[in-house]
4 protein chains.
Amino acid sequence: MARPLSEDKQFALLAAAAELVALQGVGAPTSQIARQAGVAEGTLFRYFATKDDLLNQLYLHLKSELCTALTAENLAAYSLKERAHAVWNLYIDWGLAHPLAAKALSQLHVSDKVLPETRAKAHAMFPDVSEIVGNVFAGLSQQQSTAFSEMLLGTLAETTLSFAASNPAQSQSYKAAGFAFLWRGLAHD
Amino acid sequence: MARPLSEDKQFALLAAAAELVALQGVGAPTSQIARQAGVAEGTLFRYFATKDDLLNQLYLHLKSELCTALTAENLAAYSLKERAHAVWNLYIDWGLAHPLAAKALSQLHVSDKVLPETRAKAHAMFPDVSEIVGNVFAGLSQQQSTAFSEMLLGTLAETTLSFAASNPAQSQSYKAAGFAFLWRGLAHD
Amino acid sequence: MARPLSEDKQFALLAAAAELVALQGVGAPTSQIARQAGVAEGTLFRYFATKDDLLNQLYLHLKSELCTALTAENLAAYSLKERAHAVWNLYIDWGLAHPLAAKALSQLHVSDKVLPETRAKAHAMFPDVSEIVGNVFAGLSQQQSTAFSEMLLGTLAETTLSFAASNPAQSQSYKAAGFAFLWRGLAHD
Amino acid sequence: MARPLSEDKQFALLAAAAELVALQGVGAPTSQIARQAGVAEGTLFRYFATKDDLLNQLYLHLKSELCTALTAENLAAYSLKERAHAVWNLYIDWGLAHPLAAKALSQLHVSDKVLPETRAKAHAMFPDVSEIVGNVFAGLSQQQSTAFSEMLLGTLAETTLSFAASNPAQSQSYKAAGFAFLWRGLAHD
DNA sequence: CATGAATGAGGATTCATTCAT
DNA sequence: TATGAATGAATCCTCATTCAT
């Protein structure tokens with residue numbers, strides 16, 4: 001076999017895509033992504049069949065990195081609220097540590113280039129949070145309530161993150177405020 | 001001296017832009033927007049200097065329509081919570097009644113084509129909600145708390161609206177659930 | 001109305017396309033065709049939706065020019081053979097007078113970019129030659145015989161033309177030889 | 001010293017090229033040809049210096065296969081017409097038996113990628129048919145007449161073959177009709 | 001010798017904007 | 001003022017060919 005497809009290059013392309021998507025949105029040109037990754041434009045298309053494919057894989061890649069960050073600690077010994085709070089903090093901290101990744105993710109979140117299948121795959125990566133989100137809203141099925149709560153959790157975290165990232169001096173306060181809001185909203189205790 | 005350019009055409013262009021931005025995102029071609037508005041391609045640029053200008057004006061236009069909807073009723077006589085709930089319902093109902101406008105707005109919300117000045121202008125249109133959002137979060141100034149709460153309110157409403165619009169049969173339940181979540185999160189009573 | 005779509009430019013594009021298709025085949029780049037026509041590359045796509053569309057329209061255009069050449073004279077007064085011979089000569093003479101057009105036509109003839117509908121439309125432009133092609137071949141229906149004979153006539157003319165064009169000194173001899181071959185082949189008299 | 005490159009692979013590449021050129025024209029990508037042949041992309045270029053070289057060798061290869069088919073039988077004992085008819089039938093039958101080869105050949109026939117030298121080499125493979133094509137056309141030298149007649153023979157056969165292949169039920173009738181046309185055209189007896 | 005990853009020039013097409021009419 | 005033809009830079013993607021493994 002000749003040279004194998006380099007994981008380094010694939011990673012470099014994803015990293016370059018994350019950065020440029022964060023800064024320019026999903027309209028970032030493939031030519032710039034390739035240049036930023038240090039490869040020829042044609043090379044990008046050996047790793048990703050189309051630009052849309054790249055965007056979908058980037059979404060999975062970033063979600064998977066986020067997922068890894070969230071499951072870093074073993075929280076089994078803690079109370080529900082403590083676990084929830086720990087995961088919330090891990091999320092915000094991940095976003096603060098990787099602002100471009102977080103920004104790229106929020107761009108992809110609202111892009112119709114990311115297919116429903118991809119979103120489903122990404123969703124499946126995350127551990128079950130139905131315990132955390134808890135209550136069933138009146139008039140909604142268990143499933144509908146959970147999906148709705150999960151989405152609220154996600155958008156709350158994204159908003160909190162953007163405030164925390166914009167005001168580094170207050171980031172810890174926004175982080176705490178966001179969790180307080182969430183936890184009350186979910187009507188625990 | 002009266003405005004020399006037809007207000008009808010300006011309005012038609014904004015309406016066309018709203019529809020196409022809702023369906024295709026901010027990448028919707030100006031040529032299609034012009035055609036949908038029933039004017040020539042070049043005419044669009046007599047009403048809006050650039051495409052970015054059109055997008056910014058569209059943002060203001062939609063925000064202003066939303067604002068009008070929210071201030072339709074005189075709520076002075078009601079309690080704080082009743083007023084808040086009424087405004088929440090007016091928001092969701094406006095979104096359900098004008099799904100394309102709401103969708104366009106959420107596209108513009110995340111677009112970097114909409115300038116900070118435009119966002120500030122739009123924000124200034126809305127009445128003060130500091131009373132409604134209430135509490136000050138620990139570690140944040142009054143101003144920071146209010147800005148944060150307002151943003152949480154906005155994203156909550158947007159998320160609620162998207163669920164309500166996708167499940168018309170449950171739209172009332174989502175609307176109620178969203179408000180319940182918000183009100184608890186804001187820690188009133 | 002602003003400037004109308006210029007017939008001159010459309011014609012220039014078709015002429016440029018004919019020349020470049022003749023010299024380089026249907027793979028001739030649109031950028032070169034536009035340059036040769038003296039217009040910007042984008043302009044080509046205002047006159048022809050796609051390159052394939054251009055090729056199909058070019059086919060019709062050239063066939064129509066050929067058709068015009070063949071029907072220039074009123075031959076009603078002549079015998080069948082005289083009429084056939086006159087048309088044959090008009091064909092070869094047209095090809096000798098417009099070698100690039102003839103060459104382009106033979107490239108398009110074998111290209112799968114030219115759709116069956118286009119071929120049908122072009123075929124319909126030509127006057128009925130069933131009288132000229134005459135006989136029915138054993139085992140074939142009238143319709144099959146005619147289609148077959150017409151095609152033989154066409155390829156014979158194309159071949160004759162290419163020999164005549166390559167040997168200008170003998171062009172009249174090839175022209176006569178080709179007709180002699182055809183007329184005997186068709187088993188008239 | 002034996003040839004170092006595998007004849008199997010060379011043959012597989014030619015066969016793959018024939019099929020893809022038949023179906024897609026000379027624009028068929030080398031990568032697809034290689035894949036179809038079961039070898040790596042780069043391997044193709046160890047057997048053929050360039051794509052054009054491959055196309056020229058393919059032309060020779062197919063012409064040689066055709067030539068073999070035409071000289072399969074010993075026809076010395078038959079009359080001129082019988083021999084001519086037999087060869088004609090062998091041609092058409094070969095084309096019906098190997099439709100992709102025949103289609104590829106007609107694509108190559110009109111392609112300017114096949115060099116004059118290649119065409120000359122291919123022509124030299126075929127036995128002399130000057131006896132069969134017979135007559136000298138008025139105004140043309142013996143050599144010119146023969147070349148012209150040979151070309152007419154070739155294009156007639158190609159046209160006949162395409163009709164026969166498209167209408168399998170009538171293929172024998174087209175085959176006979178084509179020969180009748182040719183024989184009369186050549187003005188024998 | 002075989003492989004297939006890497007390359008980058010080139011191709012068709014789109015689109016915001018200008019300007020002649 | 002309204003029009004829409006004209007523009008050409010920019011975009012995504014293809015592909016013949018090279019060369020490291």
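All chains are named by letter (A, B, ...) in the order of the sequence lines, taking the proteins before the strands, and each is independently numbered beginning at 1.
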Quiz item: Distance-only, no hydrogens or angles: does the Asn56(A) side chain make a donor-acceptor pair with backbone N or O of Leu115(A) under 3.5 Å?
Solution: yes
Self-check item: Distance, nearest 0.5 Å, that separates CD of Gln107(C) from CG of Leu23(C)
Solution: 9.0 Å
Quiz item: Separation of Arg35(D) atom CZ from dA5(E) atom P, in whole Å?
Solution: 12 Å
Practice problem: Nearest whole angstrom, please: distance from the P of dA5(F) to the CG of Asp8(C). | Solution: 15 Å
Practice problem: Can you tell me the distance, in whole Å, between the CD1 atom of Ile33(C) and the P atom of dG10(E)? | Solution: 17 Å
Exercise. May I have the distance from Gln24(C) (atom CD) to dG11(E) (atom C1'), rounded to whole angstrom?
Key: 13 Å
Quiz item: Counting any heavy atom closer than 4.0 Å, what does Phe48(C) reach on the DNA or RNA strands: base, sugar-phosphate only, or nothing?
Solution: nothing
Quiz item: Across all strands shown, which nucleotide pairs with dT21(F) by Watson-Crick or G-U wobble geometry, both distances under 3.5 Å?
Solution: dA2(E)
Practice problem: Return the value, rounded to whole Å, for the distance between atom CG of Leu44(A) and atom P of dT14(F). | Solution: 12 Å
Quiz item: What nucleotide among dA16(E), dT3(E), dC13(F) has an atom nearest to a side-chain atom of Thr30(B)?
Solution: dA16(E)
Quiz prompt | Which nucleotide in dT7(F), dG4(F), dC12(F) has an atom nearest any side-chain atom of Ala40(C) | solution = dT7(F)
Practice problem: Could you say whether Pro29(C) or Gly42(A) is positioned toward the 5' end of DNA chain E, judged by the nucleotide with the nearest heavy atom to each? | Solution: Gly42(A)
Exercise. Using a cut-off of strictly less than 4.0 Å, decide whether Tyr47(B) has a side-chain nitrogen or oxygen near OP1 or OP2 of dA2(F).
Key: yes
Quiz item: Taking the side chain of Lys51(A) as heavy atoms from C-beta outward, which of dC13(F), dT14(E), dT18(F) is closest to it?
Solution: dC13(F)
Quiz item: Between CG of Leu108(B) and OH of Tyr59(B), what distance do you get to the nearest 0.5 Å?
Solution: 8.0 Å
Quiz item: Is any side-chain N or O of Glu41(A) under 3.5 Å from a base N or O of dC13(F), one able to act as donor and the other as acceptor?
Solution: yes
Quiz prompt | Base partner of dT7(E), which must satisfy Watson-Crick or wobble distances under 3.5 Å | solution = dA16(F)
Exercise. Rounded to the nearest 0.5 Å, what's the gap from CZ on Arg46(A) to CG on Leu44(A)? Could you check?
Key: 12.0 Å
Exercise. For Lys51(A) and Val26(A), indicate whether the former's side chain and the latter's backbone hold a donor-acceptor pair under 3.5 Å.
Key: yes
Quiz item: Does dA6(F) have OP1 or OP2 sitting under 4.0 Å from an N or O in the side chain of Lys9(C)?
Solution: yes
Quiz item: Roughly how many Å is it from CG in Leu13(B) to P in dA16(E), rounded to a whole number?
Solution: 14 Å
Quiz item: More 5' along DNA chain E: Gln32(C) or Arg46(C), using each one's nearest nucleotide?
Solution: Gln32(C)
Quiz item: On DNA chain F, nearest-nucleotide positions of Asp52(D) versus Gly38(B): which is more 5'?
Solution: Gly38(B)
Quiz item: Which of these nucleotides, dT17(E), dT14(E), dT7(E), is closest to any side-chain atom of Phe45(C)?
Solution: dT14(E)
